[in-house]
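Since the model is a prediction, treat every value here as computed from it, not as a measurement.
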Amino acid sequence: MLVPVVAAGLVAAAAPVVWWESQDTPGGRTGWLLAAGAALVALLATARTVINDLPDRDFAAAWVGLLAVPAFALGTVFAAAQTAHAVDAARHEPRRVAATTTDCRVTGRSVNDQNIGRDLYGCTYRWFVDDREFREERPTRELYPDGRETSVWLDGDRMITERPSGIAVPFWGATAAAALVCTVMLAVFLRRKARVAGLVR
């Protein structure tokens, strides 16, 4: 049956993009995105010829199930990428450097359930790494004065809000395992349903 092969091709083409995006990995994505788009079109075209033979009551469920399998598979890739990142962060003590705050201002306003509003604040953090200057705006709890000295944690040259959480590894690891189990179970279920409907042998 061609549909599972095309679905696997879609996952294979989209998986690197999902992994790279979740890791903020630099580099071109155009070729992979075009391949994933072509695989998605091919999946819809090939599946349409099969699913159209199903009764009306199974038509919508078949489409949802078919598209859910690649979605769960790519969710597995995303969670696995987050697990790998969390493991790497846990193995390497994040770097802390001195920074100063500038350009602190009101960035918005939030309203709670009691219709009580409060201002939201943000500051630009400025720090140096190997004589290179970096700046990044982040939300803050109050309006700090310009030139206020503080420290920031770094992931490479990128600022992170705090030391990586100790529960990130088990959380994302469990999420990846659960997504993988859901992917396999849903794929097996759909194949069984397709066999009962006489779509596959």
Side-chain angles (χ1 to χ4, degrees), residues 1-90 108 110-113 115 120 139 155 158 160-161 164-201:
M1 189 177 178
L2 187 58
V3 173
V5 176
V6 179
L10 170 60
V11 173
V17 177
V18 172
W19 185 285
W20 294 332
E21 285 296 323
S22 69
Q23 303 293 310
D24 290 331
T25 304
R29 318 275 202 262
T30 304
W32 291 97
L33 288 172
L34 289 175
L40 177 60
V41 172
L43 175 63
L44 297 177
T46 54
R48 181 175 177 272
T49 61
V50 175
I51 294 177
N52 280 352
D53 295 333
L54 294 174
D56 291 341
R57 62 185 177 84
D58 294 332
F59 184 82
W63 275 114
V64 171
L66 178 67
L67 296 177
V69 172
F72 273 110
L74 293 176
T76 303
V77 173
F78 176 82
Q82 294 302 309
T83 304
H85 178 75
V87 169
D88 184 66
S110 67
V111 179
N112 60 21
D113 295 338
N115 203 30
L120 302 176
D155 180 6
R158 297 174 55 246
I160 56 178
T161 54
S165 171
I167 67 170
V169 175
F171 172 80
W172 286 113
T175 301
L180 178 60
V181 170
C182 288
T183 303
V184 174
M185 290 180 62
L186 184 57
V188 171
F189 174 77
L190 289 177
R191 181 171 180 82
R192 186 182 302 119
K193 294 287 287 186
R195 183 175 299 162
V196 171
L199 300 178
V200 297
R201 296 179 180 178

Residues pairing under side chain to side chain donor-acceptor pair (under 3.5 Å) where one sits in residues 172-188, two or more places apart or in two chains, turn out to be none
Does atom CH2 (Trp32) have a neighbourhood of more than 12 heavy atoms from anything else shown, all under 6.0 Å?
no
Taking only residues two or more places apart in sequence, or in another chain, which ones meet Val41 in a side-chain contact (heavy atoms from CB on, under 4.5 Å)?
none
Side-chain donor-acceptor distances from residues 5-17 under 3.5 Å, at least two apart:
none

Applying side-chain contact (heavy atoms from CB on, under 4.5 Å) to Ser110 and not counting sequence neighbours gives Arg118, Leu120
The criterion is ring pair (Phe, Tyr, Trp, His ring centres under 6.0 Å); which residues satisfy it with Phe72, sequence neighbours excluded?
none
Could you go through Ser22 and His85, starting from their C-alpha distance and side-chain angles, then the distance that decides it, and tell me whether this counts as side chain to side chain contact (heavy atoms under 4.5 Å, CB included)?
CA-CA 9 Å; Ser22 69; His85 178 75; over 6 Å; no
For Gln23, give me all partners under side-chain hydrogen bond (donor to acceptor under 3.5 Å, both in side chains), at least two apart in sequence or on another chain.
none
Could you tell me which residues satisfy side-chain contact (heavy atoms from CB on, under 4.5 Å) with Ala179, sequence neighbours excluded, listed by chain and number?
Thr76
With Trp19, which residues qualify under ring pair (Phe, Tyr, Trp, His ring centres under 6.0 Å), at least two apart?
none
Heavy-atom pair with the smallest gap, counting every atom of Gly173 and Thr83:
N-OG1, 3.2 Å
Pairs in or reaching into residues 31-45: which pass salt bridge (Lys or Arg N to Asp or Glu O under 4.0 Å), with residues at least two apart or in two chains?
none
